[in-house]
Amino acid sequence: MPRIYLYDTTLRDGTQRAGISLSLEDKIQIAHLLDEFGLDYIEGGWPASNPKDTAFFQAARSLPWQSRIAAFGSTRRKEFSATEDPSLNGIVEAGVPVATIFGKASPFQVRDILGIDLDDNLKMVADSVRYLRDHDIEVVFDAEHFFDGARLDREYAVAVCEAAAEAGAQWVVLCDTNGGSLPDWIRELTALVGRRISAPLGIHAHDDAGLAVANSLAAVDAGATMVQGTINGYGERCGNANLCTIWPNLVFKMGLEAGQKPAMVQELTRLSRTVAEIANLAPDAGAPYVGENAFTHKAGVHVGAVRKHPEAYEHVPPESVGQKRRVLVSELAGKSNLLYHYEELRPGSAELAQVVEEVKRLEAQGYQFEDAESSMALLVQRALGQVPEYYQVERFHVSVTRDQAQPVTEATVRLRVGTRSFLEVGAGDGPVHALDNALRKALTGIYPEVEDLKLTDYKVRVLDGRAATASTVRVLVRSEFRGQPISTVGVSGNILEASWQALLDAVDYSLWNSGITPMEA
Ligand SMILES: [Zn+2]
């Protein structure tokens, strides 16, 4: 049984999608997830193209990885030798074990877009591969526009692949760069290249014709053993091949082993949702395998049938990709999941029923706990009576005024413990910042430990865009308390109220989780 190598380019091609902007911290966080899931290769970015990607590789170098980290770049430019080429040297300086370089495999692209002659292009490919191999770097060669190029001149497209393979590239990846090819064409050409070169082949497909997954599987069927794609299919235009669809298809439909940790496919849904949260994009409820609706059955004849014979309306068991069956009329949603995560909750107990009710009520309002585990833990521990009341909130007040064309923001927070009252004023760059500052000042008077609580990320998602400025918003706050990551959530029609809830949860969680006892009243 051949093993398929999963190559993720979420951090490079994925970020070309309109609406995505990943911070350095986001990129590192996603890379850690991909590593945890055993993706074979993680393409971190294009070091010569922007400082953020350079910083990513700098940070990545000092971290341990099981996946192989790849830097992306182009073959040398015509005016430079390989040794002088900035893109190639950017990769060498990134200190990565793997370089993925693309070269054009279409005569039209070479002559009319690049403006060079066909033989020079072959030399550029060979020189670039050899230069990187001389630096002991594993080379993945992406044959850009291969499938469109082969339509114009099949021999030339194959010659580009041969040039890369002969120069020592460990992988030759055939790219459907414009995403417009059909599976039969992909299958035929992949098989042809497989007969001509001995280097293992990969596929890099885009989804412009809605066929990126089908094309990737067709290539595998024809002998490709690397699949390049992105989590949730993020990518330029209509996106890249979606690894969250391809991976389970390889395993469950084609009987192949994929990735370094084959069993992790059973947690695929978590990977998809967490990456969506980090990218600050709403998860696609209709996505195959990992979408919220992928195993959701509405009341009626399906439900009765699925209860007796799940396979009646499910192509694979939901658990195989970390999903759960949802029956919309059922009262059981979430219970097993809670029991699984919180051993303290006893099956059949009143507390469990209370938590289930509470989660359902909050989710209906727009809360989501997948990326707010600390808020979820608080909810469970409060139901069990484990979280003491550390303080009472009397009021907060935020004002934004304009002074000489500059906005000035101030917040006051009044907390109470017993009969003692703590009032503080904070300023900030904006209302949430001012509120956070005032809250911290008031709390430090009661719990000096709060000084160790650091806010690391703040995200707002509008839940019902049609209501425009009156929309409900979900705020996700990430913090850190003495090295422990904390993730909390708040939802409200008022962005300050939503932020306030998330901030208070972060405070309460850090106090409770560190076993700090409430101040005597
Ligand atoms: Zn691409």
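Atom set for the values below is all heavy atoms of this structure, side chains included, hydrogens, waters and symmetry mates excluded. Order of appearance sets the numbers: ligands from 1, and atoms from 1 within every ligand.
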Sub-6.0 Å ring centroid separation between Y289 and W247: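 Centroid distance Y289-W247: not below 6.0 Å, so no.
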
Output field: ring centroids H145/F102 closer than 6.0 Å: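 Between H145 and F102, the centre distance exceeds or equals 6.0 Å.
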
E314 atom CD, over 12 foreign heavy atoms within 6.0 Å: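 Count over threshold, so yes.
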
Atoms (protein N, O or S; no water) under 2.8 Å from the Zn ion (ligand 1):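 Every protein N, O or S atom under 2.8 Å from the Zn ion (ligand 1) counted, the figure is 3.
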
Distance (rounded to the nearest 0.5 Å) between W171 CH2 and L201 CG: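 Going from CH2 on W171 over to CG on L201, the span is 9.0 Å.
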
Option from T177, D13, D176 for which side chain to side chain donor-acceptor pair (under 3.5 Å) with H206 holds: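 One option only clears the test, and that one is D13.
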
Derivation of the side-chain contact (heavy atoms from CB on, under 4.5 Å) call for V316 and K253: CA-CA 9 Å; V316 293; K253 303 301 165 83; 4.0 Å; yes

